[in-house]
Amino acid sequence: MASAASRTSLLRTRIMDFITSMATLPLLLGCVGVFSLCKLLQWLRTRAYVRNAVVVITGATSGLGRECARVFHAAGAKLVLCGRNAEALEELTRELAASRATEVQTHKPYTVTFDLTDPGAIVGAAAEILQCFGYVDVLINNAGISYRGTIVDTSLDVDKRVMETNYFGPVGLTKALLPSMIRRRQGHVVAISSIQGKISVPFRSAYAASKHATQAFFDCLRAEVEQHDIEVTVVSPGYIHTNLSLNAVTADGSKYGVMDKTTAQGRSPSQVARDVLAAVGKKKKDVVLADVAPSLAVYLRTLAPRLFFSLMASRARKEQKPKHC
């Protein structure tokens with residue numbers, strides 16, 4: 001039988017445990033409250049940053065560009081939507097004008113139709129963009145094309161086509177609009193790159209090369225324009241459930257026309273668009289929006305390159321042709 005002393009000690013212990021638990025609960029609730037408040041303030045700051053801001057989006061008629069148009073429009077941005085298809089741009093404008101699911105004042109978008117692969121059209125398009133509102137706050141370089149093929153079978157014209165769309169086009173438009181940002185000492189340039197701008201996988205050579213070039217250019221731009229108070233954000237998504245693989249070009253320049261398995265299982269473009277909005281609002285410099293495996297591969301490429309190269313070589317041997325992944 002337990003002694004009176006031991007029973008008293010046990011009772012004291014239980015009382016102390018009870019008091020401790022009661023003291024811990026308010027602390028935990030307070031931490032949750034502070035965290036929630038921080039998230040709310042962060043969300044409000046993001047919305048405030050883009051509200052009434054002039055936002056230019058290239059490749060706005062489909063995929064991620066179209067979803068970015070919806071998300072930024074709902075956040076109250078003044079949009080200038082760019083693409084090659086004037087009819088599709090007008091259709092998107094009507095859709096946005098008809099939408100009412102927003103708590104802020106929205107603005108009717110402008111449209112500018114031009115081909116980003118035509119260097120001669122970019123300067124004129126930039127002038128037309130500036131005429132819409134007189135300035136640009138945020139430029140989202142989103143337009144792009146994908147590629148599937150073996151290096152040995154791919155003509156140089158295909159490499160050039162992919163590079164013109166994914167690299168030289170965004171670079172040309174950025175250079176055309178940059179002087180106006182520098183004069184105002186205000187602006188934000190966004191490049192929608194890819195996880196393949198950080199790592200390369202077999203049968204994506206032209207695409208990965210264009211995205212590696214994009215990463216390098218905008219990293220340099222960020223350093224050079226910081227003195228002018230201009231922000232630069234590079235967003236590197238993984239697979240997104242869009243028609244990118246369907247519209248990809250192959251080694252001979254023809255359309256790939258296949259929905260890759262990984263593309264079909266990729267993130268929804270609406271979610272990625274919201275992540276882009278958050279990255280812009282938080283003025284993030286470099287953002288990776290990919291699952292665990294490709295995100296780890298980025299570090300593996302740097303920390304254990306021999307292993308990374310071995311894995312990529314093994315992958316190439318297994319596929320032995322443009323993959324349907």
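These figures come from a predicted structure and were not determined experimentally.
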Take Q186 and M181 through the side-chain contact (heavy atoms from CB on, under 4.5 Å) test and state the conclusion after the steps. CA-CA 5 Å; Q186 183 177 335; M181 292 183 175; over 6 Å; no
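- Formation of a donor-acceptor pair under 3.5 Å by the S245 side chain with backbone atoms of V258 is found in this model.
- Between H107 and G76, the shortest heavy-atom contact is CD2-O, 3.3 Å.
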For a salt bridge (charged side-chain N to carboxylate O under 4.0 Å, His left out) check, start with the C-alpha distance between R66 and E95, then their side-chain angles and the critical distance, and finish with the verdict. CA-CA 11 Å; R66 191 180 186 92; E95 175 191 322; 2.8 Å; yes
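- A 4.5 Å side-chain heavy-atom check between F218 and N141 finds at least one atom pair inside the cut-off.
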Before you tell me yes or no, could you show the steps for V55 and V80 under side-chain contact (heavy atoms from CB on, under 4.5 Å), namely the whole-Å CA-CA distance, both residues' side-chain angles and the distance that decides it to 0.1 Å? CA-CA 6 Å; V55 179; V80 182; over 6 Å; no
Let me see the working for L177 and V189 under side-chain contact (heavy atoms from CB on, under 4.5 Å), right down to the final yes or no. CA-CA 10 Å; L177 293 174; V189 179; over 6 Å; no
Should L178 and L221 be marked as a side-chain contact (heavy atoms from CB on, under 4.5 Å) after you check the CA-CA gap, both sets of side-chain angles, and the distance that decides it? CA-CA 10 Å; L178 191 59; L221 178 66; 3.8 Å; yes
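- In this structure, L64 and I192 have side chains that are in contact, with non-hydrogen atoms separated by less than 4.5 Å.
- Salt bridge status for R267 with D291: present, with a side-chain N to carboxylate O gap under 4.0 Å.
- Minimum interatomic distance between G149 and T154 (heavy atoms only, all atoms of both residues): C-OG1, 4.2 Å.
- Hydrophobic clustering, with ILVMFWY side chains joined whenever heavy atoms are under 4.5 angstrom apart, keeps V56 apart from V138.
- A continuous path of Ile, Leu, Val, Met, Phe, Trp and Tyr side chains, each step under 4.5 Å between heavy atoms, connects V71 with V272, placing both in one hydrophobic cluster.
- Listed for the N85 side chain is a donor-acceptor partner under 3.5 Å among the backbone atoms of A88.
- Rounding to the nearest 0.5 Å places CZ of R94 at 10.5 Å from CG of L89.
- For the pair S310 (side chain) and R306 (backbone), a donor-acceptor distance under 3.5 Å is absent.
- Side-chain contact between V288 and V298 is absent, with no heavy atoms from C-beta onward closer than 4.5 Å.
- The NZ atom of K211 sits 12.5 Å away from atom NZ of K198, with the distance rounded to the nearest 0.5 Å.
- Panel note: side chain S210, backbone N166; no donor-acceptor pair is recorded below 3.5 Å.
- By the rule that hydrophobic residues join a cluster once side-chain heavy atoms approach within less than 4.5 Å of another member, V123 and F114 end up as members of separate clusters.
- Under the 6.0 Å distance and 45° angle rule, R184 counts as a cation-pi partner of Y135.
- Atom SG of residue C82 and atom OH of residue Y110 lie 13.5 Å apart, to the nearest 0.5 angstrom.
- A 4.5 Å side-chain heavy-atom check between V190 and L139 finds every atom pair outside the cut-off.
- For the pair L116/P170, a side-chain contact is recorded, criterion being any heavy-atom separation below 4.5 Å from C-beta on.
- Taken together through direct or relayed side-chain contacts under 4.5 Å among Ile, Leu, Val, Met, Phe, Trp and Tyr, I182 and L173 form part of one hydrophobic cluster.
- Atom CD of residue Q215 and atom OG of residue S194 lie 10.0 Å apart, to the nearest 0.5 angstrom.
- The CG atom of L300 lies 4.5 Å from the CG atom of L307; values are rounded to the nearest 0.5 Å.
- Between the side chain of T165 and the backbone N or O of R161, at least one donor-acceptor pair lies under 3.5 Å.
- No side-chain heavy atom of K78 sits under 4.5 Å from any side-chain heavy atom of P109.
- Remark: the backbone N or O of A53 is not paired with any side-chain donor or acceptor of D137 at under 3.5 angstrom.
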Identify each donor-acceptor pair in which a side-chain atom of residues 227-234 lies under 3.5 Å from a protein atom, sequence neighbours left out, and give them as a table.
{"unit_1": "Q227", "atom_1": "NE2", "unit_2": "E224", "atom_2": "O", "d": "3.2"}
{"unit_1": "D229", "atom_1": "OD2", "unit_2": "R185", "atom_2": "NE", "d": "3.4"}
{"unit_1": "D229", "atom_1": "OD2", "unit_2": "R185", "atom_2": "NH2", "d": "3.2"}
{"unit_1": "T233", "atom_1": "OG1", "unit_2": "H188", "atom_2": "NE2", "d": "2.8"}
{"unit_1": "T233", "atom_1": "OG1", "unit_2": "K284", "atom_2": "O", "d": "2.5"}

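- Taking the centre and axis of the six-membered ring of Y256, the NZ or CZ atom of R148 falls inside the cone set by 45° and 6.0 Å.
- Counted within 6.0 Å of CG on L246, heavy atoms from surrounding residues, nucleotides or ligands total more than 12; the atom is thus considered enclosed.
- Among all heavy-atom pairs drawn from P237 and I240, the shortest one is CB-CD1, 3.7 Å.
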Can you check side-chain hydrogen bond (donor to acceptor under 3.5 Å, both in side chains) on N52 and Q105, steps first, answer last? CA-CA 9 Å; N52 297 320; Q105 179 185 359; over 6 Å; no
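- No more than 12 heavy atoms of other residues, nucleotides or ligands sit less than 6.0 Å from atom CD of E226.
- Among residues two or more places apart in sequence or in another chain, the side chain to side chain contact (heavy atoms under 4.5 Å, CB included) test is passed with L303 by Y299.
- Checked by atom type and distance alone, the side chain of H73 never pairs as donor or acceptor with a backbone atom of A69 at under 3.5 Å.
- Under a 4.5 Å side-chain heavy-atom criterion applied to ILVMFWY residues, the cluster that includes V249 comprises I145, Y147, V158, V162, Y207, L244 as well.
- Within a 6.0 Å sphere centred on CZ of R222, other residues, nucleotides and ligands contribute more than 12 heavy atoms.
- When all heavy atoms of P269 and H241 are compared, the closest pair comes out as CD-O, 3.5 Å.
- Of all non-hydrogen atoms in A279 and V287, the two that sit nearest each other are CB-CG2, 3.8 Å.
- Remark: side-chain polar atoms of T250 are paired, donor with acceptor, to backbone N or O of S254 under 3.5 angstrom.
- Between the side chain of N142 and the backbone N or O of I57 there is no donor-acceptor pair closer than 3.5 Å.
- Residues R274 and S270 meet the side-chain proximity criterion, which asks for heavy atoms closer than 4.5 Å.
- Across all their heavy atoms, A290 and P294 have their closest contact at CB-CG, 3.9 Å.
- Under the 4.5 Å side-chain heavy-atom criterion for grouping Ile, Leu, Val, Met, Phe, Trp and Tyr, V280 is not connected to V136 through any hydrophobic cluster.
- Note that the OG atom of S295 and the CD1 atom of I195 stand 5.0 Å from one another [nearest 0.5 Å].
- A salt bridge between R70 and E67 is present, with a side-chain N of the basic residue lying under 4.0 Å from a carboxylate O of the acidic one.
- With a 4.5 Å cut-off on side-chain heavy atoms, K108 and L79 do not count as touching.
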